[in-house]
Amino acid sequence: MFENDDHMVLTFTDLVKGEGIQSNQMVIIHEGHSAIFDPGGDLTYMPLSMAITKYVKVKDIEYVIATHQDPDIVSSLDKWLIYSEAKIVISQLWERFIPHLIPGYMKEKAEGRMIAIPDQGMNIPMGHSIIKAIPAHFLHSVGNFHFYDPISKILFSGDVGASLVDSEPEQPVRDFEKHVKKMLGFHQRYMVSNKVCRLWVNMIREMDVEMIVPQHGRPFKGNEMVDRFLDWFETLECGIDRVNQQYYTAP
Ligand code: FE
């Protein structure tokens, strides 16, 4: 998605086969340093580790970074802990749950390798650059971060902007109105409330974002399409905005 002399951003969009939901794994390589974002579930480890060896050796990966704690995000962490020396970066809320979330978790393998992101976010050093961990709590997880690369100006937005498309998930969104249908139901249910959407959009508008890459489906590329997405998300009624007593009736 981006390449210059010492900086490269890659996404893999077709590694989940069969029953799994299509998902995007993002990789940043900067001056020989490397980070993987939302590495995925158990089934993704093999194809992802094979796909990246063209660019970086698995054992040399510096960070494995997770937006939140869901199994489709982190359940391959045991493999990354065993086969790489990477640091694992995740919200401080989820750090202590990691042993419970990972089937083959080995305490001694994880020792000194967990980086807990504080609620306010942080800058993660990467060579002469950084990756910004941006607060995205309640979108949808209670301890949730998105990751911004100031060189490519790409924002990896986890489940925000996620869509389920039938084909070509690597192709940027062209017809926004049509694309809304592929996002609406998921966002209405998984995002906690419009208040959080608005706060998040306010923060993103202050940043220089050229592309939003969600964990599932198509990216939003270019200022105009990024703005269309922000305008939509800002006004979205979702989560607790939409519930009433009927939802809380004992069966
Ligand atoms: Fe999730």
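As the structure is a computational prediction, the values presented were derived from the model and not from experiment. Counting starts at 1 for both ligands and their atoms, following the listed order. Starting from 1, each residue takes its place in the sequence as its number.
No other N/O/S atom of Asp159 lies as close to the Fe ion (ligand 1) as OD2 does. No other N/O/S atom of His140 lies as close to the Fe ion (ligand 1) as NE2 does. Counting just the N/O/S atoms of Asp70, the one with the shortest distance to the Fe ion (ligand 1) is named OD2. Looking only at its N/O/S atoms, His68 has NE2 as the one nearest to the Fe ion (ligand 1).
Between Phe147 and Phe37, the ring planes are tilted. Angles from 30° to 60° get that label. Taking the six-membered ring where the residue is Trp, Phe229 and Trp232 present tilted rings, their angle falling between 30° and 60°. Between Phe145 and His137, the ring planes are perpendicular. Angles over 60° get that label, and only those under 30° would be called parallel.
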task = List the steps and the verdict of side-chain hydrogen bond (donor to acceptor under 3.5 Å, both in side chains) for His7 and Asp149.
result = CA-CA 10 Å; His7 195 82; Asp149 169 25; 2.7 Å; yes

inquiry  = Is there a side-chain hydrogen bond (donor to acceptor under 3.5 Å, both in side chains) between Thr11 and Asn24? Walk through the geometry before answering.
reply    = CA-CA 6 Å; Thr11 41; Asn24 304 323; over 6 Å; no

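The nearest N, O or S atom of Asp72 is not closer to the Fe ion (ligand 1) than 2.8 Å.
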